[in-house]
Amino acid sequence: MSPLGSVFPRIYALVRRVPRGRVTTYGDVARLAGLRNGARTVGWALHSLPTAEAAPWWRVIRSDGTIALRRAAAQQRRRLAREGVRFTNGKVDLRYGWP
DNA sequence: CGTATGACGAGCC
DNA sequence: AGGCTCGCCATAC
C-alpha cells in the first residue's frame, strides 16, 4: 500500500537515486519503497518503464548479483561495464552495492 | 471483483 | 553449486 500515489512512480524515483557505477537489488528497492516483500513488483515496474531512459533500470540486479533480464541481459551488462561495474564469472561484485 | 503475470527471493533438496 | 518450489504483491484484464 502506498499512502500517496501509486507505487511505480516511487520505485522510479528510488532507482533514479542509484549513482553511476553502483547497483542495487530488486528487494532493496522494494523495501525502500515501503514494500516488505515486493521484489517482484519492482521487476514489474521496471519492465513497464514508459521510456528506456526514464530511470537507470540497468543498475538494478538480483540479490545474488546476477542479471534478471532474459532477452537483453547482454545489453545490461554492457551498460554496467561502461560505468565501471565489474563482473566476476557472471555475477556483479556486490561491493558495488548501493547504499 | 477474481485470476493471471512477472526483470524476485529465500529455503530446501 | 545449481535447480525447484512456494510465497509475495502491485497491476493488467
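All values reported here derive from a predicted model rather than from experimental measurement. Just so you know, these numbers use all the heavy atoms, side chains as well, and skip hydrogens, waters and symmetry mates.
Contact annotation: A:Ser63 side-chain N/O to B:dG9 OP1/OP2 distance is under 4.0 Å. Between A:Arg62 and B:dC8 there is a side-chain N or O to OP1 or OP2 distance below 4.0 Å.
Going from atom CG of A:Leu49 over to atom P of C:dT11 covers 14 Å, rounded to whole Å. One atom, CD1 of A:Ile67, and another, C1' of B:dC8, lie 14 Å apart when rounded to the nearest Å. In this structure, the CG atom of A:Asp64 is 16 Å from the P atom of B:dA7, given to the nearest Å. A:Gln76 has its CD atom 14 Å from the C1' atom of B:dC8, to the nearest Å. Between the P atom of C:dT11 and the CH2 atom of A:Trp44 lies a distance of 11 Å, rounded to the nearest Å. Summarising the geometry, the separation between CG on A:Leu46 and P on C:dA10 is reported as 16 Å, rounded to the nearest angstrom. Between the CZ atom of A:Arg40 and the P atom of C:dC6 there is a distance of 13 Å, rounded to whole Å. What separates CZ of A:Arg31 from P of B:dC8 is a distance of 15 Å, to the nearest Å.
A distance of 9.5 Å separates CG of A:Asp28 from CD1 of A:Ile61, quoted to the nearest 0.5 Å.
Out of C:dT11, B:dG9, C:dC8, the shortest distance to the side chain of A:Val7 is found at C:dT11. For A:Ser6, whose side chain is taken as the heavy atoms from C-beta onward, the closest listed nucleotide among B:dC8, C:dT11, B:dG9 is C:dT11. When distances run from any side-chain atom of A:Asn37 to the nucleotides C:dA10, C:dC9, C:dG7, the shortest one goes to C:dC9. Taking the side chain of A:His47 as heavy atoms from C-beta on, and the options B:dA7, C:dA10, B:dC8, the nearest nucleotide is B:dA7.
Using a 4.0 Å cut-off between charged nitrogen and carboxylate oxygen, A:Asp93 and A:Arg95 count as a salt-bridge pair.
Across all strands, A:Thr41 comes closer than 4.0 Å to base atoms (heavy-atom distances).
One cannot find a donor-acceptor pair under 3.5 Å joining the base of B:dG6 and the side-chain atoms of A:Arg70.
At a threshold of 4.5 Å between non-hydrogen side-chain atoms, the residues A:Gln76 and A:Trp57 count as touching. Two residues are said to be in side-chain contact when any heavy atoms from C-beta on lie closer than 4.5 Å; A:Phe8 and A:Thr41 meet this criterion.
Surrounding CZ of A:Arg82 are at most 12 heavy atoms belonging to other residues, nucleotides or ligands under 6.0 Å away.
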